[in-house]
Structure formats: C-alpha cells, structure tokens
Amino acid sequence: MSEIEVFRPEPRAPRGFQDRRAADLALERDILAKVSRVYELFGFEALDTSAFEYADALGKFLPDSERPNEGVFALQDDDEQWMALRYDLTAPLARFAAQHAGLLTKPFRRYAYGPVWRNEKPGPGRFREFIQCDADTVGSARPEADAEIIALAVAGLEAAGLPKTAAVLKINNRKLLNGLLKRIGVDHDGQKLAVLRAVDKLDRLGVEGVKLLLGAGRRDESGAFTKGAELNANGIDAVLAYLGAGATGRSATLAKLADVVGGSEEGEAGLRDLDRIGTALTGLGVDEARAFFDPSVVRGLEYYTGAVFEAELVGEVRDAHGDLVRFGSIGGGGRYDDLVARFTGEVTPATGFSFGVSRLAAALKASGSATLPKVRGPVVVIAFSEADMGHYFTVAAELRQAGIPAEVYLGGSGMKAQMKYADRRLSPAVVLLGGDEIAAGTVTIKDLDLGRALSEGVESNEAWRAARPGQATVPRAELVAFVKRILEG
RNA sequence: GCCGCCUUAGCUCAGUUGGUUAGAGCGCCAGAUUGUGGCUCUGGAGGUCCUCAGUUCGAACCUGAGAGGUGGUACCA
C-alpha cells in the first residue's frame with residue numbers, strides 16, 4: 001500500500017478576522033440591546049441593509065479593473081457589475097435614503113448595527129471585519145439635529161456601561177477651519193488636507209509637532225519624514241491660535257473662537273451652528289463637561305461638511321503588562337450634507353454617529369466598567385448506564401420545561417470525568433440518577449457552587465469526597481423544585 | 001506603504017562559542033480514588049525549533065530571501 005499525501009489545511013481564521021466566544025458575545029449583545037433601547041427612546045427606528053452594495057454606491061473607493069480590492073472586498077457579479085462588502089453603515093444608508101427618497105417621511109431617523117468589512121492591514125484592535133453601530137438623521141439641516149445625535153451618543157455610551165466620567169464627546173465644525181483657511185489664503189485642496197491632518201494630530205504630537213507639520217514638515221524618532229502643509233508664519237500662527245481656543249465651557253470656547261475665525265463668512269456660519277448645538281445640548285441636559293467644543297477635532301473623512309464629533313476615553317488605560325494603551329476614539333460622526341445628493345442630485349442634509357461595538361466592549365473592559373460575564377453551563381445530568389438513558393432525558397426535558405438550561409452528558413467518559421465536565425462548564429448543579437436512585441424513586445442533586453465554596457476548607461481528597469459537599473438526595477418528584485432552589489441561591 | 005524588533009509544546013518562555021536524544025512552568029489526558037468536580041502525588045501525550053535556500057563534518061543558534069506577529073510612522077471611507 002502506498003502512502004498517499006493527504007492535504008491537511010491549517011485550521012485558522014483569515015488574517016484580521018476573529019472568532020468570538022460566548023462571553024464576548026454576551027457582552028456585545030448586552031451593549032447592543034441597551035444602546036438600541038436608548039436610540040429608540042430618541043425616536044430612531046431600526047434598519048438593516050445588505051452586506052453587499054454595488055461598488056459605485058459605496059463612493060470613492062470604487063474598485064477599478066486594475067485594483068478591484070483596494071480598501072474593500074469586492075467581486076464581480078455574473079452580470080459584470082462590481083459588488084463590494086460595505087465598509088461602513090453610512091454609505092448604505094445614503095443609498096437607502098436615495099433609493100426611497102420619495103417614500104421616506106423626513107427627517108428619517110434610523111439606527112443600524114452589523115458587521116462591516118475593510119480590506120486593509122489588520123493590527124491590534126483593528127480587524128478586517130467588525131461590528132459597527134450607527135444612528136443617523138437624514139433630511140434635517142438644523143444644527144439641533146446634530147445636537148440630538150450628540151445627546152444620543154452620550155446617552156448610548158452611558159447605557160452601554162461607560163460611567164459618566166469615563167468618556168467625553170468633543171465637538172467641532174468643519175466650517176470654522178474652512179473659514180479660517182480661506183482667510184489666510186489656503187485654497188488648494190492638497191494644502192487644506194495637509195492642514196487638517198496636522199490639526200488632527202494635536203493630541204498625539206502636541207503644539208510643537210503640529211507647528212512643524214503646518215510648516216516645512218516633521219521628522220519622527222524613527223527618522224521618517226512627513227512633509228508639512230508649508231504655510232507661512234502668519235498662517236501657522238493663525239491655525240495655532242485657532243487650536244488654542246479650546247476652553248472649558250461651551251460658551252467660553254465659542255467666545256474665544258469668535259476672536260480667531262470671526263470675520264470670515266464660513267467661520268461665522270460655523271460659530272452660529274455651534275451656538276445652536278450648545279443651546280440644544282443644554283436644553284437636553286447634556287453636561288458641559290461631557291460634551292464640549294474642541295477645535296482640534298477633524299475626523300479624517302472628507303465627506304463631512306459641518307459639525308464633526310468624536311467620543312474619547314478619558315484617563316489612561318494600561319494593559320495586562322502595565323503598558324500604556326493608546327485607545328483612540330471609541331466613536332465619531334458628523335454632518336454629511338452631500339452624500340445622498342451623490343445619487344439624487346438633490347441636497348439632502350444628514351448627520352450621524354457611529355461606534356465600533358467590540359471596541360466599546362474593549363473600552364469597557366479596559367476602563368474597568370465591565371468584566372466579561374461568566375458564562376454558566378447547564379445543569380448536567382450524569383449518564384451512568386446505557387440502559388437508563390431514557391430516564392436521563394426525561395430529567396433534562398423536565399428541567400428545560402421549567403426554563404432551566406440542562407443537558408445529558410453525551411460524551412464517552414466515566415463519572416469522574418463527567419463531574420469534571422460540569423465543573424469546567426461552570427454548571428450550577430449536577431443531577432445523579434443512578435441505579436440506586438431509580439430503584440428508590442429518588443434523585444441525587446449536587447450543588448456545584450456550594451461545593452466550590454466548601455472545597456476551600458478541605459485538604460484531603462478523602463475528606464472532600466466523604467463530605468459530598470452540597471449534595472442531597474430527594475424524592476424524584478421534587479427534582480425541579482430542588483434544582484430551582486439551588487439556582488436561586 | 002516605510003523603519004525597528006520578534007517567531008522554540010495548546011499558552012508563557014528558557015536553551016551554553018555551532019556539537020549526541022531540544023527543556024521548564026501552566027494547561028491537557030490518565031491513575032492513586034470500581035458512583036463524585038477542588039487540593040496533593042505519580043505517570044503520559046504533545047515539537048516541520050515560522051518557511052525556503054545557503055555556509056558548515058555538524059544549524060534552534062551563522063548568512064540571505066520570504067511569511068506571520070509586534071511597536072512606531074504614513075494612510076484611514
């Protein structure tokens with residue numbers, strides 16, 4: 001007989017994809033349930049759209065024939081049309097709103113959550129598939145719509161379990177910087193973009209770093225050189241003055257900003273928007289310490305047209321090794337008035353907020369606001385003998401009928417291993433229905449939690465076994481009631 | 001994308017100037033204990049030393065290329 005080489009695939013999830021087990025899922029589902037409830041309280045309705053979109057609907061990351069998968073996962077349908085997995089929930093919403101423009105009652109307020117995919121290099125905490133949760137208002141140009149989104153974001157994060165003091169929402173308006181840039185004579189897009197990128201790095205590089213990036217450029221510790229925006233000295237001073245306008249209260253910040261960006265038409269418009277957002281937030285009861293104006297908030301996305309906001313974790317977070325973890329923002333959003341018009345040609349103002357669900361879960365864990373829930377196993381019915389399997393299943397059915405998770409051990413191991421199995425699964429109890437019990441019309445139930453507690457005081461295995469901690473034999477008819485009592489503690 | 005560092009058992013890691021059969025702790029399985037989870041003791045399974053090529057009598061160790069991971073940087077819808 002000849003040896004045939006059998007191909008054995010290596011069992012592994014693709015790079016940047018991950019499996020999630022019960023404990024993680026429980027935490028994420030809990031977050032989604034609580035956030036959904038809050039979003040519905042604000043009058044947002046649920047919407048689910050397809051994972052795939054036609055590539056042209058996703059916007060600027062159009063797959064072209066040479067590099068169809070740049071940034072997105074794309075494939076060509078049998079009618080030759082390019083489809084791509086959505087990379088966020090905003091572009092599909094814009095498509096949906098455009099498609100049903102005539103039928104939607106506006107403003108249309110919807111929330112959505114689900115997986116999104118990005119075909120890019122994964123890193124720690126950065127996956128190619130992750131769950132996003134969005135809430136958006138389509139069809140309202142009022143700054144108050146932005147304010148409501150901000151209030152909803154604050155309420156949602158708190159409902160998810162982030163304590164009031166753990167996160168802040170930083171608010172800004174694109175119009176401020178646009179006005180300022182126009183005034184100092186920056187008009188070509190490349191330079192504008194470079195300024196936005198520089199401003200965005202204030203928290204990481206500090207004023208000095210930003211100053212370099214606004215000017216000639218900056219060389220980092222590794223020696224790599226980043227080209228700057230090449231503003232002149234006046235321009236740099238103006239942008240730094242703008243960045244310096246961050247203050248504690250909302251109205252104080254506005255007053256300072258007015259000094260810097262006032263005088264330009266767009267800047268004035270941005271100030272008016274922010275003022276109205278501030279008024280609405282105060283009315284909504286959103287504390288100035290939790291949602292404030294921060295001129296350094298940019299959000300890289302080019303499609304934002306007005307207000308932008310970012311939710312950030314406050315305080316430092318350390319990992320298991322005690323190393324500082326840079327968490328970045330846990331969510332963000334803003335106003336995008338041109339996205340729907342891409343389809344319809346009609347201006348349809350929209351604003352929204354989104355966050356990554358597992359990232360929020362990680363933030364909750366890191367900030368000590370939540371721990372992974374312990375996933376309890378079912379009540380395990382020990383399988384003693386082949387002949388009595390029917391009895392075991394009757395027990396399992398009775399327990400399930402009473403709403404108690406239960407299973408008959410279906411492995412091939414002996415009793416000791418079955419006890420171990422129940423212990424590992426963190427089962428609350430084990431049901432022993434051996435020949436003795438069946439003959440006597442009784443059932444033995446072992447409270448594993450009680451046993452876990454009692455085991456601390458016992459040293460020898462003999463004593464431990466002789467004591468049969470937490471174990472009781474009761475009439476068969478009392479099985480369900482007895483197990484219930486154990487579960488209730 | 002660019003720069004640095006790393007890759008040895010399921011996990012965390014040790015491994016002498018390049019020298020026979022590559023180790024530890026934890027975890028896993030079994031026994032001590034024929035119907036009892038913890039503790040303890042005893043035993044066992046588990047390795048293409050990331051891959052390929054080269055140098056060498058001889059490579060986990062040296063050289064080169066590649067892959068994966070990681071930190072920084074760039075980009076980020």
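Values below: all heavy atoms of this structure, side chains included; hydrogens, waters and symmetry mates excluded. Below, read A as the first sequence line, B as the second, and so on, with proteins coming before strands; counting in each chain starts at 1.
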### Task
Could you tell me which residues satisfy side-chain contact (heavy atoms from CB on, under 4.5 Å) with A/K420, sequence neighbours excluded, listed by chain and number?
A/R424
Hey, what are the protein-to-nucleotides 68-70 of chain B N/O distances that come in under 3.5 Å?
from	atom 1	to	atom 2	distance (Å)
B/G69	OP2	A/R15	NH1	3.1

For a quick test of your reading: what N or O donor-acceptor pairs under 3.5 Å do the side chains of residues 482-489 of chain A make, sequence neighbours left out?
none

### Task
Kindly write out the residues that satisfy side-chain contact (heavy atoms from CB on, under 4.5 Å) with A/D189, not counting sequence neighbours, or none if the list is empty.
none
### Query
Which parts of nucleotides 37-46 of chain B does protein reach within less than 4.0 Å, heavy atoms only, written one letter per nucleotide 5' to 3' as B for base, S for sugar-phosphate only and - for none?
BBB-------
### Task
Could you tell me whether A/F384 contacts a base, only the sugar-phosphate backbone, or nothing, with contacts defined as non-hydrogen atoms closer than 4.0 Å?
base
### Task
Can you sort out the partners of A/E266 under side-chain contact (heavy atoms from CB on, under 4.5 Å), two or more places apart, ordered by chain and number?
A/K175, A/N178, A/K182
### Task
Using only side-chain N and O atoms of A/R197, determine if any of them is under 4.0 Å from OP1 or OP2 of B/C75.
yes
#### Entry: C1' gap between B/U56 and B/G64, integer Å
16 Å
### Query
What about A/Q471, does its side chain sit under 3.5 Å from the base of B/U36 through a donor-acceptor pair?
yes
### Canonical and wobble pairing (Watson-Crick, G-U, under 3.5 Å) of RNA chain B, dot-bracket with |
(((((((..((((.....[...)))).(((((.......))))).....(((((..]....))))))))))))....
### Query
What salt bridge (charged side-chain N to carboxylate O under 4.0 Å, His left out) pairs are there with at least one residue in residues 406-415 of chain A, not counting sequence neighbours?
A/E407-A/R425
### Query
Got a sec, which residues hit ring-ring contact (aromatic ring centres under 6.0 Å, His included) with A/Y336, two or more places apart in sequence or on another chain?
A/Y303
### Task
Using only side-chain N and O atoms of A/R204, determine if any of them is under 4.0 Å from OP1 or OP2 of B/A74.
yes
### Task
Taking atom P in both B/C49 and B/C11, compute the distance separating them and give it to the nearest angstrom.
15 Å
### Query
Side-chain donor-acceptor pair under 3.5 Å between A/T444 and A/T473, yes or no?
yes
### Query
Can you name the residues that form a side-chain contact (heavy atoms from CB on, under 4.5 Å) with A/L372, not counting sequence neighbours?
A/A23, A/D24, A/L27, A/K365
### Message
Taking only the C1' atom of each, what is the distance from B/G47 to B/C3 in whole angstrom?
### Response
33 Å
### Query
Roughly how far apart, to the nearest Å, are B/G1 and B/A9 at atom P?
27 Å
### Message
Taking salt bridge (charged side-chain N to carboxylate O under 4.0 Å, His left out) as the cut-off, I'd like each qualifying pair that reaches into residues 85-97 of chain A, sequence neighbours left out, listed once.
### Response
A/E53-A/R95
#### Entry: Counterpart residues, side-chain hydrogen bond (donor to acceptor under 3.5 Å, both in side chains), relative to A/R174 (two or more places apart)
none
### Task
Determine the Euclidean distance between corresponding P atoms of B/U21 and B/A59; express it in Å to zero decimal places.
12 Å
### Task
Quick one: label A/I382 by what it contacts on the DNA or RNA (base, sugar-phosphate, nothing), any heavy atom closer than 4.0 Å.
nothing
### Query
Given A/F127 and A/F17, is the ring-ring contact (aromatic ring centres under 6.0 Å, His included) satisfied, shown in steps?
CA-CA 6 Å; A/F127 298 95; A/F17 290 79; 9.0 Å; no
